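Chain identifiers are assigned alphabetically (A, B, ...) following the order of the sequence lines, protein sequences preceding nucleic acid strands; residue numbering begins at 1 within each chain. Since we're looking at a predicted model, the values are computed, not measured.
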2 protein chains.
Amino acid sequence: MREKLEKYFSYVFEKELIDEIVQVGIYKKLRENEVLVDLGDKMKGIPLLLEGAIKIVREDKNGDEILLYFLERGDTCASSFASAVSNTKCGIRAIAEKESEIIFLPKEKLDDWMVKYKSWRNFVIESYNIRLNEMMETVDSLAFMRMDERLYKYLTDKAQIMRETSLNTTHQEIAYDMHTSRVVISRLLKQLENESKIKLYRNKIEILEF
Amino acid sequence: MREKLEKYFSYVFEKELIDEIVQVGIYKKLRENEVLVDLGDKMKGIPLLLEGAIKIVREDKNGDEILLYFLERGDTCASSFASAVSNTKCGIRAIAEKESEIIFLPKEKLDDWMVKYKSWRNFVIESYNIRLNEMMETVDSLAFMRMDERLYKYLTDKAQIMRETSLNTTHQEIAYDMHTSRVVISRLLKQLENESKIKLYRNKIEILEF
DNA sequence: TAATTTATGTGATGCAAATCACAAATTAAT
DNA sequence: ATTAATTTGTGATTTGCATCACATAAATTA
């Protein structure tokens, strides 16, 4: 745990803070598709993502979903922070897109560290900023882009987060993430294939152009 | 300035912090439609909103706009905080929807206060949370709602923020905020009027049902 | 190997919203 | 008072996407 923590966070956190994190943090391995945070959860702390990829989705009353953004190593879940500190419910669901490793930080420490460590304050503010910007990008996609553009952005974004050039997924799963229908996705994927931007296989999409 | 600050912030901030704010804060009056923050600005501090209403919009490359959310008294601009602390560009535009009063807090103090005042830490975190949640609502609207529902939500939200039951606006302005065309708005407004939810006048919309 | 399930392909149809085109009504400017 | 600009109303057409219906293909399971 200390090893990976230092690998991704030694340039972010002071040595003393890393020591504290090692002491109180709870290491956890997430298997693919494991739900880390669910709608309405009250968080007892926040996760630091050491390895892997986590998708954050929003759900409406009808159970319809839409992807908000992905987290990758070095990230934390700003929504959890909110929930943990203010003791309010979390409005999102967090699901591991692949096997991931996290350190769970108990909420009791979060405010102490704000006083003690400048690096922690920066990290928290920076995390919020990144997330706000991600949300703006999500709004941009929804407001300004057509479905084909959104789809291409989805594919390239996800490939980057997953650190792979092909994605193991079905058309239906993409449709869920983008809150549209499988038929629409299948047609647009075929179109992207014709433009030589991707190549389609069963349960797999190879991205040719980034 | 102290008077209004205490009116809206005495339950939020410690007395000592209010004293400090009075010392270093710069009071400013904004006239209607004045641009407080523009795209690409690097903020030298953050605004505390004492009175009035401010809309936060996002713009894409083509100059198309979409409303993200409104700020009201007691609020601050989380996006500015980000920009001020990290010295990065602001991705939004903030425009006074009516005459407003703000206190501008210089960025040099922002981090000091995080260490000194628990109430300030809470305020900052709370502000980010509120804004993240607003962004989620914006995404919900765009992803899950039809234009007529979005329009009705827009009207009632704006009326609440403006603290009035009628809005002085044109169909075209609404269309800009919602990133659609005037024709669409005119037709949906007429529809809402037929459902007795609103009453239409020239340059004015009265909301009958909240 | 046959039967079943899962993933993808494709035509047809409907609908919300975008776009075009222009008229009518109201207000502001000369 | 006449002209010009702004605001709103309305028909016609197009387009992107949703939805329905069903076919085909590949992978699982019996």
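A distance-only check finds a donor-acceptor pair linking the side chain of A/T76 to the backbone of A/P47 [under 3.5 Å]. A side-chain donor-acceptor contact under 3.5 Å links B/T156 to the backbone of B/K153.
Side-chain N/O atoms of A/N129 and B/T88 include no donor and acceptor closer than 3.5 Å.
Rounding to whole angstrom units, NE2 of residue B/H171 and P of C/dT26 are separated by 13 Å. Remark: P of C/dT27 and CD of B/Q172 are 19 Å apart, rounded to the nearest angstrom. Protein atom CZ of B/R146 is 11 Å distant from nucleotide atom C1' of C/dA17, rounded to whole Å. If you take NE2 of B/H179 and C1' of C/dA16, they are 16 Å apart, rounded to a whole angstrom. Rounded to whole Å, atom C1' of C/dA25 lies 18 Å from atom NZ of B/K204. The distance between atom CG of A/N203 and atom P of C/dA7, rounded to the nearest whole Å, is 6 Å. If you take CD1 of B/I174 and P of C/dA17, they are 15 Å apart, rounded to a whole angstrom.
Of all nucleotides in DNA chain D, those with any atom nearer than 4.0 Å to a heavy atom of chain A start and finish, going 5' to 3', at D/dG16 to D/dA27.
For the pair A/K158 and A/E173, the salt-bridge criterion is not met [side-chain N within less than 4.0 Å of a carboxylate O].
A salt bridge (charged side-chain N to carboxylate O under 4.0 Å, His left out) with B/K55 holds for exactly one of B/D157, B/D75, B/D177; it is B/D177.
With a 4.5 Å cut-off on side-chain heavy atoms, A/I125 and B/V124 count as touching. Side-chain contact between A/L208 and A/K197: absent, with no pair of heavy atoms (C-beta onward) separated by less than 4.5 Å.
Taking the ring axis of A/Y8 as reference, the NZ or CZ atom of A/K4 does not stay both within 45° of it and closer than 6.0 Å to the ring centre. Taking the centre and axis of the six-membered ring of B/Y201, the NZ or CZ atom of B/K199 falls inside the cone set by 45° and 6.0 Å.
Both B/R202 and A/M145 lie near DNA chain D, and the one whose nearest nucleotide falls closer to the 5' end is B/R202.
In terms of phosphate contacts, B/T180 brings a side-chain nitrogen or oxygen within less than 4.0 Å of OP1 or OP2 of C/dA18.
Non-hydrogen atoms lying under 4.0 Å from DNA chain C are contributed by B/S181, B/V183, B/V184, B/R187, all within residues 181-198 of chain B.
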